[in-house]
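Note sheet for the following structure.
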There are 2 protein chains.
Amino acid sequence: MNLIRIYECLCDETRLRILHLLAQGPLCVCYFQDILQLPQVAVSKHLAYLRERGLVEAHRHEQWKIYSLPEPRPKELDWQLRCLQDSVQTEEVFRADLRRLKNLQSECCWVAEALKQTGGSLGNKRNIGRTSKR
Amino acid sequence: MNLIRIYECLCDETRLRILHLLAQGPLCVCYFQDILQLPQVAVSKHLAYLRERGLVEAHRHEQWKIYSLPEPRPKELDWQLRCLQDSVQTEEVFRADLRRLKNLQSECCWVAEALKQTGGSLGNKRNIGRTSKR
DNA sequence: CCAGCATATACTTCAAGAAGAATATTCTAC
DNA sequence: GTAGAATATTCTTCTTGAAGTATATGCTGG
């Protein structure tokens with residue numbers, strides 16, 4: 001049954017962290033790398049796992065792949081997000097993720113400003129909006 | 001983290017069925033065997049799995065082991081029971097379980113009557129309240 | 001104490017999935 | 001079209017757990 005496939009997604013801390021972040025809004029893969037502080041391959045595989053089971057959606061925006069929660073949200077996912085929200089408030093890993101997300105988002109605002117000035121070219125966003133690991 | 005241990009419990013249809021049944025009230029192992037229509041060893045192992053992770057409790061009543069949901073119920077479990085309740089209504093496996101549970105419960109009422117007459121001796125309850133598989 | 005029922009544990013086999021390394025694909029800018 | 005960045009896939013190794021078989025434990029009634 002379908003519900004079990006959902007629960008299989010939730011048995012892994014990395015995937016819980018991903019869903020927790022996506023509950024705040026869409027995010028691109030490289031942001032996940034920075035926030036989760038995990039190697040690219042790990043992030044990519046967990047995202048693929050979630051995608052195959054319909055818990056996240058992806059679309060391309062220029063050279064980036066943006067992941068988000070599916071619309072409309074399956075009700076089972078909705079229950080789980082509520083449970084996560086309720087259970088995870090006190091967990092340091094998840095709080096730290098949110099902190100890193102906020103930091104990147106404030107950087108992003110600055111990026112957004114910069115973009116207006118450069119006429120919308122996102123070409124070097126990767127060098128502004130996030131710390132390159134390589 | 002603890003939440004993941006809970007989700008690991010929910011990745012298996014048999015365990016979901018067990019929790020779904022326990023949401024209706026406590027039940028002894030042999031009833032699970034009848035309702036789930038699974039071999040004793042399977043039932044016993046899944047119950048042990050749930051017990052180790054704190055999703056069910058067990059106590060002995062005469063020669064039977066009665067399983068129930070923990071009191072007080074952890075809030076994470078509560079969320080999951082609500083989700084189950086909401087998601088599983090239409091699933092035939094779960095509906096069939098409930099039907100078999102009701103049948104056994106009505107037999108049980110009859111057993112209760114019989115017991116009053118025998119002065120409370122439960123010695124042959126197993127031959128009345130459920131169909132012996134052996 | 002012994003038989004028999006109710007339940008649990010140990011052991012084996014098999015499949016799924018997590019992590020890491022290497023490599024492939026896709027897009028953009030020049 | 002070539003380089004380089006962003007992301008995905010493939011392959012290997014290791015661990016967990018599901019199912020089955022056999023066996024053990026614990027309780028009850030004689």
Side-chain angles (χ1 to χ4, degrees), chain A residues 4-18 27-34 36-53 56-67 118-134, chain B residues 4-18 27-34 36-53 56-67 118-134:
Chain A
I4 291 177
R5 305 270 294 170
I6 293 184
Y7 281 132
E8 285 168 350
C9 291
L10 305 168
C11 287
D12 181 272
E13 187 179 274
T14 303
R15 289 193 293 260
L16 284 186
R17 292 168 71 192
I18 289 175
L27 222 50
C28 98
V29 179
C30 52
Y31 277 65
F32 282 117
Q33 284 175 242
D34 286 348
L36 303 175
Q37 303 182 307
L38 289 174
Q40 180 263 326
V41 63
V43 172
S44 184
K45 279 195 289 190
H46 283 299
L47 286 170
Y49 190 107
L50 289 165
R51 205 170 358 102
E52 285 160 9
R53 285 165 166 77
V56 306
E57 286 174 345
H59 72 270
R60 184 173 286 280
H61 172 69
E62 300 175 16
Q63 65 260 58
W64 298 285
K65 202 81 165 278
I66 314 293
Y67 279 83
T118 64
S121 156
L122 284 158
N124 59 348
K125 175 186 166 195
R126 79 193 72 130
N127 301 319
I128 302 172
R130 66 183 208 87
T131 352
S132 173
K133 273 202 272 302
R134 282 159 297 271
Chain B
I4 292 176
R5 305 270 293 171
I6 294 184
Y7 282 131
E8 285 168 351
C9 291
L10 304 167
C11 287
D12 181 273
E13 186 178 274
T14 303
R15 290 193 291 262
L16 284 187
R17 291 168 71 193
I18 289 176
L27 222 51
C28 98
V29 179
C30 51
Y31 277 63
F32 281 118
Q33 284 175 242
D34 286 350
L36 304 174
Q37 303 182 307
L38 289 173
Q40 181 263 324
V41 62
V43 172
S44 185
K45 280 194 290 190
H46 282 299
L47 286 170
Y49 191 107
L50 289 166
R51 204 168 2 98
E52 286 159 9
R53 284 164 167 78
V56 307
E57 285 173 346
H59 71 271
R60 185 174 286 281
H61 173 68
E62 298 174 15
Q63 65 260 57
W64 298 284
K65 203 81 165 275
I66 314 292
Y67 278 84
T118 62
S121 157
L122 284 159
N124 61 347
K125 175 186 166 194
R126 76 193 76 128
N127 302 319
I128 302 171
R130 66 185 207 86
T131 355
S132 173
K133 273 200 275 298
R134 281 158 297 270

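Note on naming: letters A, B, ... go to the chains in the order of the sequence lines (proteins, then strands), and numbering restarts at 1 for each one. Because the structure is predicted, anything quoted here is derived from the model rather than measured. Side-chain atoms are counted along with the backbone in the values below, which use heavy atoms only and exclude waters and symmetry mates.
- Picking from dA8(C), dA8(D), dT9(C) the nucleotide with the shortest atom distance to the side chain of Ala48(B) gives dT9(C).
- Contacts of Arg15(A) classified as salt bridge (charged side-chain N to carboxylate O under 4.0 Å, His left out), with partners at least two apart in sequence or in another chain: none.
- Per the geometry, NE2 belonging to His61(A) stands 14 Å off P belonging to dA6(D), to the nearest Å.
- For Lys65(A) and dT9(D), the NZ to C1' distance is 12 Å, given to the nearest whole Å.
- For the atom pair Ile66(B) CD1 and Cys28(B) SG, the distance stands at 5.0 Å (nearest 0.5 Å).
- Protein atom CD1 of Ile18(A) is 13 Å distant from nucleotide atom P of dT7(D), rounded to whole Å.
- Of all non-hydrogen atoms in Cys30(B) and Trp64(B), the two that sit nearest each other are SG-CD1, 4.1 Å.
- With rounding to the nearest 0.5 angstrom, the NZ atom of Lys65(B) is 8.0 Å from the OG atom of Ser44(B).
- Between Tyr67(A) and the phosphate of dA8(D), there is a side-chain N or O to OP1/OP2 separation shorter than 4.0 Å.
- Under the rule for a salt bridge (charged side-chain N to carboxylate O under 4.0 Å, His left out), Arg60(B) has no partner lying at least two apart in sequence or in another chain.
- Look at CG on Leu10(B): it is 15 Å from C1' on dG17(D), rounded to the nearest Å.
- If you measure from atom CZ of Phe32(B) to atom P of dA8(C), you get 11 Å, rounded to the nearest angstrom.
- When all heavy atoms of Leu50(B) and Cys9(B) are compared, the pair lying nearest together is CD2-CB, 3.8 Å.
- Among residues two or more places apart in sequence or in another chain, the side-chain contact (heavy atoms from CB on, under 4.5 Å) test is passed with Thr14(B) by Asp12(B), Ile18(B), Leu36(B), Leu38(B), His46(B).
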Polar pairs (N or O, both sides) under 3.5 Å between protein and nucleotides 23-26 of chain D?
none

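- Atom CD in Glu52(A) sits roughly 15 Å away from atom C1' in dT7(D) (whole-Å rounding).
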Give me, pair by pair, the N or O atoms of the protein and of nucleotides 16-20 of chain C that are less than 3.5 Å apart, along with how far apart they are.
{"residue": "dG17(C)", "atom": "OP1", "partner": "Tyr49(A)", "partner atom": "OH", "Å": "3.4"}
{"residue": "dG17(C)", "atom": "OP1", "partner": "Arg53(A)", "partner atom": "NH2", "Å": "3.0"}
{"residue": "dA18(C)", "atom": "OP1", "partner": "Arg15(A)", "partner atom": "NH2", "Å": "2.8"}
{"residue": "dA18(C)", "atom": "OP2", "partner": "Arg15(A)", "partner atom": "NH1", "Å": "2.7"}
{"residue": "dA19(C)", "atom": "OP2", "partner": "His46(A)", "partner atom": "NE2", "Å": "3.0"}
{"residue": "dA19(C)", "atom": "N7", "partner": "Lys45(A)", "partner atom": "NZ", "Å": "3.1"}
{"residue": "dG20(C)", "atom": "N7", "partner": "Lys45(A)", "partner atom": "NZ", "Å": "3.2"}
{"residue": "dG20(C)", "atom": "O6", "partner": "Lys45(A)", "partner atom": "NZ", "Å": "2.5"}

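- The CG atom of Leu47(B) sits 16 Å away from the P atom of dA6(C) (whole-angstrom rounding).
- Tyr67(B) and Ala58(B) make their closest contact through CE2-CB, 3.6 Å (heavy atoms, listed as atom of the first residue, atom of the second, distance).
- The stretch residues 40-52 of chain B participates, sequence neighbours left out, in no salt bridge (Lys or Arg N to Asp or Glu O under 4.0 Å) pair at all.
- Atom CD1 of Ile66(A) and atom P of dT26(C) are 19 Å apart (whole Å).
- Distance from the side chain of Glu62(A) is smallest for dT28(C) among the nucleotides dA8(C), dT28(C), dT7(D).
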